[in-house]
Amino acid sequence: MTQLHCEFKNAVNTFKVSNKKVSGHYNMAGNHFHNYYEIYYLLSGERYYFIKDRTFYVTKGDLIFIDQYELHKTTDTGVPDHERVLIYFTEDFIMTRGGMLPEILTLLFKNGNPLVRLSLSGRNFVEDLFRKMLQEAQVKGTGYEMAFQALLMQFLVYMARYLEQNQTNIFDHPSPMHQKVSEVAQYINGHYSETLTLTFLSKRFFISPYYLSRIFKEVTGFSFIEYLNNIRIKEAQKLLRESRTKVITIAEKVGFGNVAHFGRVFKGITGQTPLQYRKQNG
DNA sequence: AGTGGGAGAACAAGATTTAA
DNA sequence: TTAAATCTTGTTCTCCCACT
């Protein structure tokens, strides 16, 4: 496994670009939603990418745009070896100029279709930009942050125009199993504030709980409880940021029976207590 | 010092996940 | 599919901190 990894960070804005070649099979671990925009580009190999409530089959030359706070995870397709480019950036990193930027970000990241399958010329163009970005981030010459920002802008504008000209395809679920799990995930997204158990869902979707548990993990990369908790904590974070609601009330609103448990899960996922999070982000 | 919101530890009961 | 292993959750109790 080879890896190049560059990061720039201060209090206000952040970007990060990395290039990773993975030999064999790999399933990611760690943070599964964050306040960065994320761009994932597959140089070679194939992956499944689960985003929010459905799985995309990603192959060489595909781009994925992941919005802020969107739950996501890549999983193995069974085919070994892949190489990808990953770019993260915060809104502040790029929002320093006016123009069309908010519209472009909306078009690319909030259009309901995270997967873009590029033409050959499109691939050449973006791969060239990615190479330059990686080089800037690696060499860190004078003004490299600005240079990186300019390259990122160029990429975003190119993609916005690309999407305007090319019909965005609606991609099929990779298999009926993926579709079934996607339905369950959609249900969870709509009902996380209620009491949800695997048994309840398995009855509602006519699958045995054991089987559901297994395919859910296989498709999403999350166990049922992990997924549910991530959705709940994501919403709790939003409430902590955007309201003054008491922690105990937030815990109830997002579906936790008691605060003690809410606090435990919150810390497990974010590494912070709810109030620490509010202090930092509220 | 008293009060209330919040964090967290320990434990038992129950639910989920895994291996066969 | 099942049983066993493991993890999750609710309860309760203690401690901490800010405020009065």
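The sequence lines fix the lettering, A, B, ..., with proteins before strands; numbering per chain opens at 1.
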**Study point:** From A:Q237 atom CD to A:Y277 atom OH, the distance as rounded to the nearest 0.5 Å
**Key:** 4.0 Å
Point to revise | Whole-Å distance separating the NZ atom of A:K279 from the C1' atom of B:dA7 | key: 14 Å
Check your understanding: For the residue pair A:H34 and A:Y36, does the interplanar ring angle fall in the parallel (under 30°), tilted (30 to 60°) or perpendicular (over 60°) class?
Key -> tilted
Review point. Taking only side-chain nitrogens and oxygens of A:K246, does any of them come within less than 4.0 Å of OP1 or OP2 of B:dG6?
Key: no
Review point. Given C:dT1, B:dT16, B:dG6, which nucleotide is nearest the side-chain atoms of A:T199?
Key: B:dT16
Exercise for review: On the 0 to 90° scale, with breaks at 30° and 60°, tag the A:F65-A:F109 ring pair as parallel, tilted or perpendicular.
Suggested key: perpendicular
Exercise for review: Could you check which of C:dT1, B:dT18, B:dA15 has an atom nearest any side-chain atom of A:S213?
Suggested key: B:dT18
Check your understanding: Just checking, A:R214 and A:Y210: is the charged tip under 6.0 Å from the six-membered ring centre and within 45° of the axis?
Key -> no
Practice item. Could you go through the side-chain contact (heavy atoms from CB on, under 4.5 Å) check for A:I250 and A:R278 one step at a time? Key: CA-CA 12 Å; A:I250 291 180; A:R278 172 175 273 164; 3.8 Å; yes
Check your understanding: Starting at CG of A:L275 and ending at P of C:dC19, how long is that distance when rounded to a whole Å?
Key -> 13 Å
Practice item. Using modelled atom types only, decide if a donor and an acceptor are shared between the side chain of A:D128 and the backbone of A:N124 within a distance under 3.5 Å. Key: no
Check your understanding: Under 4.0 Å between a side-chain N or O of A:K217 and OP1 or OP2 of B:dT18?
Key -> yes
Check your understanding: Side chains of A:N189 and A:Y227: is there a donor and an acceptor less than 3.5 Å apart?
Key -> yes
Practice item. Kindly assign one of parallel, tilted or perpendicular to the pair A:Y37 and A:F89, based on the angle between their ring planes and the thresholds 30° and 60°. Key: parallel
Exercise for review: Please name the residue in the list A:F155, A:Y158, A:F130 that meets the ring-ring contact (aromatic ring centres under 6.0 Å, His included) test with A:F125.
Suggested key: A:Y158
Review point. In whole angstroms, how far is the C1' atom of B:dG6 from the CZ atom of A:R244?
Key: 15 Å
Exercise for review: Take atom CZ of A:F216 and atom P of B:dT18, then tell me their distance rounded to the nearest Å.
Suggested key: 13 Å
Review point. When we call it a touch if two heavy atoms are under 4.0 Å apart, what does A:P274 touch: a base, just sugar-phosphate, or nothing?
Key: sugar-phosphate
**Study point:** Interatomic distance, A:R278 CZ vs B:dG5 P [rounded to whole Å]
**Key:** 14 Å
**Study point:** Flag for A:E38-A:H72: side-chain donor and acceptor within less than 3.5 Å
**Key:** yes
Practice item. Compute both the distance and the angle, then confirm whether A:K238 meets the cation-pi test with A:Y69: under 6.0 Å from the six-membered ring centre, within 45 degrees of the axis. Key: no
Check your understanding: What integer distance in Å separates A:L196:CG from B:dA15:P?
Key -> 14 Å
Point to revise | Integer-rounded Å distance: B:dG5 P and A:I250 CD1 | key: 14 Å
Exercise for review: Using atom OH of A:Y211 as one end and atom P of B:dT16 as the other, report the distance to the nearest whole Å.
Suggested key: 18 Å
Using atom names, set out every protein N or O paired with an N or O of nucleotides 10-14 of chain C below 3.5 Å, distance rounded to 0.1 Å.
| from | atom 1 | to | atom 2 | distance (Å) |
| --- | --- | --- | --- | --- |
| C:dG10 | OP2 | A:N258 | ND2 | 3.1 |
| C:dG10 | N7 | A:R264 | NH2 | 3.3 |
| C:dG10 | O6 | A:R264 | NH1 | 3.3 |
| C:dG10 | O6 | A:R264 | NH2 | 3.3 |

Close N/O contacts between protein and nucleotides 15-17 of chain C (under 3.5 Å):
none

Practice item. Kindly state which residues belonging to residues 220-230 of chain A come within less than 4.0 angstrom of DNA chain B, counting heavy atoms of the residue only, listed by number. Key: A:S223, A:F224, A:I225
Check your understanding: B:dT16, C:dT2, B:dG8: which one has an atom nearest the side-chain heavy atoms of A:T197?
Key -> B:dT16
Practice item. Determine whether A:Y49 and A:L42 make a side-chain contact, defined as any pair of heavy atoms from C-beta on separated by less than 4.5 Å. Key: no
